[in-house]
2 protein chains.
Amino acid sequence: VRVAVVGLGPIGVEVARAVLARPGLTLVAAADVAPALAGRPLAEVVPDGGAIDLVVDGSMDAVLARGVEAVALCTGSRLESVGADLERCVAAGVHVVSTCEELSWPWEAAQARALDDAARAAGCTLVGTGVNPGFVMDRLPLQLAGVCVRVDGVRVERVVDAGQRRPPLRRKVGEGLTVEEFRAGVAAGRLGHVGLAASARLLARGLRSALAQFDETVDPVLDSDGRVLGVRQRLSAATADGRPIELRLQMSVGAPQPHDRVVIDGDPPLDVTIAGGTHGDRATVGAVVDALGRMARAPRGLITVADLY
Amino acid sequence: VRVAVVGLGPIGVEVARAVLARPGLTLVAAADVAPALAGRPLAEVVPDGGAIDLVVDGSMDAVLARGVEAVALCTGSRLESVGADLERCVAAGVHVVSTCEELSWPWEAAQARALDDAARAAGCTLVGTGVNPGFVMDRLPLQLAGVCVRVDGVRVERVVDAGQRRPPLRRKVGEGLTVEEFRAGVAAGRLGHVGLAASARLLARGLRSALAQFDETVDPVLDSDGRVLGVRQRLSAATADGRPIELRLQMSVGAPQPHDRVVIDGDPPLDVTIAGGTHGDRATVGAVVDALGRMARAPRGLITVADLY
């Protein structure tokens, strides 16, 4: 598969490295709109990229002119920020695997149906993936459910020590804020994790149902002085046929015993723990290259990880 | 998918129940060659099967005459015992999902290439699945590896308390034998688990390599009087590109802390434990119905779980 990476931030450069190392994938182009990057040798942008003989393009159009088959789109988290690039790729009949969180469950957006129709007509596939949403709280429970005769409910818990992560994540969880600043940031949509509802919808679809209702809470984790260490979120939901879905996420500095845990109530029941948790950034890169390798056989159209796996 | 279940032993009857309960699958036939079963109402054979309006057929040919699209073949563990039925299904262009252990990695058998060619030509799919091989030591590690940028090695450990399982498993692990009887049973192929090498080959394929070499040991687990409680098996292998694969299986009466554990050495590393382990019989039934639901989109030919997921 001839791959281009678009968006050379911290995740994008690592996706480029991973594509270079993965049999079956060939890196044929890379792009970023930042003037500091466009036109530079990719070898200078990618760590240990010495052997790469590519120059960073400045636009999606330049990339698509290079005969790529799939684009790893690592730019924005919001669908509106990647929508135009998705349309360009579909017009060229090129697959897209994106780290855009909102693309993991795009069906709340008005644009989704038109993108789906266009991608089907063009014979290409668009999918959003990553670690969360994309793995811990949706794809992994569904893959585990692949040995269950019956699933009566799903609970997932993820505890991340934000102190071991990049500064953007520490800011996103509100480290160092007062409770008032935290509450204001959550209300404004600047703080917290936006993927729980997407994961719940993916789970419900994978369980051959739909999400009937859900309730989500976002609270601060505080130190002994009342300062914010991070965020604790909880989503309680049920499928249309009455099966409970419980998702709990804590991301805070110094969170004890980081881990991921998936509990499937069913036949057989499964109680699965990932010691230390799944590393967010590295697993996102892994999820993107895995999805790129699946594009040839994937269903066409705008799909989700519940359709891809 | 119009499904038939062939082989109405303990697993087959549970597969029939699970097919009845699974949206997207329709049970249209069931068969067993045992004179005590053929001709009886299926409702009498399947627990809680009161509402089923089918009669047990006595042969694969009778089943295939009923317009089935996929057969759940739950008869033998050896490829030679299911080969003729596989050929009949391929001749009818019908998919097969089988619990036959040797079908999980069929490529050691002379018959495999011809079956693959014929199934491709007929546009149907043949696959062996189950819990082990089929999930704990192959499919699950490969699904987890779907978020790894790089996999450097895989270790899997499964501990089963045979005292909580059906008598056939307790006999298979040698419960109550002397060490001499145990050794003789292993040498004759009557005792122990035959799937470790298949799982190692599936792992190697899923890791985009092949199995270069392996060494397997089978030893008894003994009580304080020197009587056999069960079996402890270990396979040490490496892929052709040098990545170690370690599989350890203990199945013994009273085995402490039953669990499954998958450790992926790589980027990111993953250390995953299933508390209590994956229930063998129930998860085998779950794996079969999941595979049946994937037949429409599966690659054609004789495939493995490494190709199906």
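Proteins get letters first, then strands, A, B, ... in listed order; numbering begins at 1 in each. This is a predicted model, so every value here is computed, not measured. Atom set for the values below is all heavy atoms of this structure, side chains included, hydrogens, waters and symmetry mates excluded.
Comment: A:Asp241 does not engage A:Arg208 in a salt bridge, judged by the lack of any side-chain N to carboxylate O separation of less than 4.0 angstrom.
Heavy-atom distances place the side chain of B:Leu140, and not its backbone, under 4.5 Å from chain A. For chain A, no part of B:Arg17 is nearby; none of its heavy atoms comes within less than 4.5 Å. Neither the backbone nor the side chain of A:Arg261 comes within contact range of chain B; no heavy atom of the residue lies under 4.5 Å from a heavy atom of that chain. Looking at A:Ala275, the atoms closer than 4.5 Å to chain B (heavy atoms on both sides) sit in the backbone and in the side chain alike.
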Go through A:Asp265 and A:Val151 one step at a time and tell me if the side-chain contact (heavy atoms from CB on, under 4.5 Å) criterion holds.
CA-CA 6 Å; A:Asp265 297 315; A:Val151 174; over 6 Å; no
How far apart are the C-alpha atoms of B:Arg248 and B:Arg158, what are their side-chain angles, what is the distance that settles it, and do they pass the side-chain contact (heavy atoms from CB on, under 4.5 Å) test?
CA-CA 6 Å; B:Arg248 296 177 198 187; B:Arg158 176 164 168 82; over 6 Å; no
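Interface summary for chain B: among A:Arg282, A:His259, A:Arg150, the most heavy-atom pairs under 4.5 angstrom belong to A:Arg282. Looking only at heavy-atom pairs under 4.5 Å with chain A, the residue among B:His279, B:Glu14, B:Arg297 that has the most is B:Arg297. Each of B:Val147, B:Asp290, B:Val149, B:Asp267 has some count of heavy-atom pairs under 4.5 Å with chain A, and the biggest count is that of B:Val147. Interface check for chain A: of the options B:Pro299, B:Gly146, B:Ala145, B:Ala18, the most heavy-atom pairs under 4.5 Å are formed by B:Gly146.
Nearest heavy-atom pair across A:Val15 and A:Cys74 is CG2-SG, 4.1 Å. Shortest non-hydrogen contact noted between A:Ser98 and A:Cys100 is OG-N, 3.0 Å.
One finds the CG atom of B:Leu144 at 6.0 Å from the CG atom of B:Leu270 (value rounded to the nearest 0.5 Å).
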